[in-house]
Amino acid sequence: MTTAGAAGAGSARHVLTLLTGTGLAQLIALAASPLLSRLFAPEDFGVFALFQSVVALLAILATGRYELAIVLPESDDDGWQLLLLALAITLAVTGLSLLVVALGGGWIAQASGHAALAPWLYLLPLSVALTAVVNTLGCWANRRRQYTQLAGNRVVQSAGGVAATVGLGAAGWAAPGLLLGGALGQAIAAALLGWQARGDARPTDRPRVRALAQQYRNFPRINLPHALLDAVQASALLAVMGAAFGSQVLGWYAFALRIARTPLAMLGASVGQVFQQRAAQVWNEGGDLAGLARRTTSKLALFALPFIALMLFAPDLFAWAFGAEWREAGAQARLLTPWMVLSFLTSPLSQLPLVVGQQGRALAFGVAYQVSMLLPYVLAWAWKWDITTALALQSGASSVVLLAYGVWLHRLAAMRQTP
């Protein structure tokens, strides 16, 4: 077998390993969903979605996006110094968020309409720290090609989080049960990844950390604003939807994404992890990056086809599996199918601008995408449209942007080819 063939076969094995772990993790979550939908009300899932959107936003700030650079240096020593840089930023952001909760947690909870959740806001800085640590250590494991460990970690995280959430829900903890169950799952993941990386630890080299921070400065300068746009849009979308349509509709929307989009997103993230590592290698070696991009998209399309078929019957499937109360969540999932599928197909390739140094143009697509996601709900709130109209407009507008983005990504992959 040629070197290129061996590398391609290895990449396929890595994808399969991560997909297996991700698939098992999602099966655990999906198997528990009929029980969770009967233990928690739609309003509880709405609160959980808002909380998680804030966690995701702060977790982006908490690494400066330097964790994405961990796979890029040639030496593991430099990769580890980038890991230490990301974790140092995490410590600072976590401390700041803890101070904000301590000084203004009560006001924040009351302003959001959930005053009873004020004591549970202390889970926010903890969840931010855990999410940032899991993301950073996951990138280190990706660099080290520890895909079996990553896959196993996802299964254990899912099982632990689901078990805790079901137990708390059965005890009548309502929304706090979802918050605490999610945090416990993240804690399990962080502990496992930390244990696996213990043998790789290296002393901190402060001059080298500063040099690497400068070398990869485009990650906080360009990629960070792009990622923050995504996170701010997600938080604002949920806030506007809750204000315009109420917490029950917000809960249906959050549950629809939990059941339909989250499995696709996790599969896409698994493929994206392997794709980034492989794309960086192919780019550095002057290999066929366009071919890698085409093969990746083709394989993703095979997963998308059965998903589309299932979503045609989503309202009936949701009502049968989760109870009649959740039929509307299935109707929302069906409307959002074009957007979810195109997001799945383009997500792994979104690592390409990081690899080839075209993050500035990717930011422009990011801005257009955020507008297409949020504007339909703002208009619906202002002009009193119903939720069906808002969802259809968002799905259509976002699909157009993602289609254009996907075409650009494939052209980007073809920019540098060897004769």
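The analysis underlying the following values was restricted to heavy atoms, covering all of them including side chains, and did not include hydrogens, waters or symmetry mates.
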- Message: Ignoring hydrogens and geometry beyond distance, is a side-chain donor-acceptor pair present between Thr148 and Thr17 at under 3.5 Å?
- Response: no

- Item | Any donor-acceptor N or O pair under 3.5 Å, side chains Thr296, Arg278 | no

- Under the salt bridge (charged side-chain N to carboxylate O under 4.0 Å, His left out) test, residues paired with Arg208 that sit two or more places apart: Asp78

Would you give me the side-chain donor-acceptor pairs under 3.5 Å for residues 173-195, sequence neighbours excluded?
unit_1	atom_1	unit_2	atom_2	d
Gln186	OE1	Gln157	NE2	2.7
Gln186	NE2	Thr131	OG1	2.9

How about [X] and [Y]: do any of their side-chain heavy atoms sit closer than 4.5 Å?
X      : Y      : result
Glu67  : Arg65  : yes
Pro315 : Arg327 : yes
Leu310 : Leu317 : yes

- Query: Would a line drawn from the ring center of Trp326 to the ring center of Phe45 be shorter than 6.0 Å?
  - Reply: yes

- Query: Do the ring centers of Phe344 and Phe307 come within less than 6.0 Å of each other?
  - Reply: no

- Ring geometry between Phe365 and Tyr405 (parallel below 30°, tilted from 30 to 60°, perpendicular above 60°): tilted

- Parallel, tilted or perpendicular: ring planes of Phe318 versus Phe322, cut at 30 and 60 degrees: perpendicular

- Query: How would you list, by chain and number, every residue that makes a ring-ring contact (aromatic ring centres under 6.0 Å, His included) with Phe40, sequence neighbours excluded?
  - Reply: none

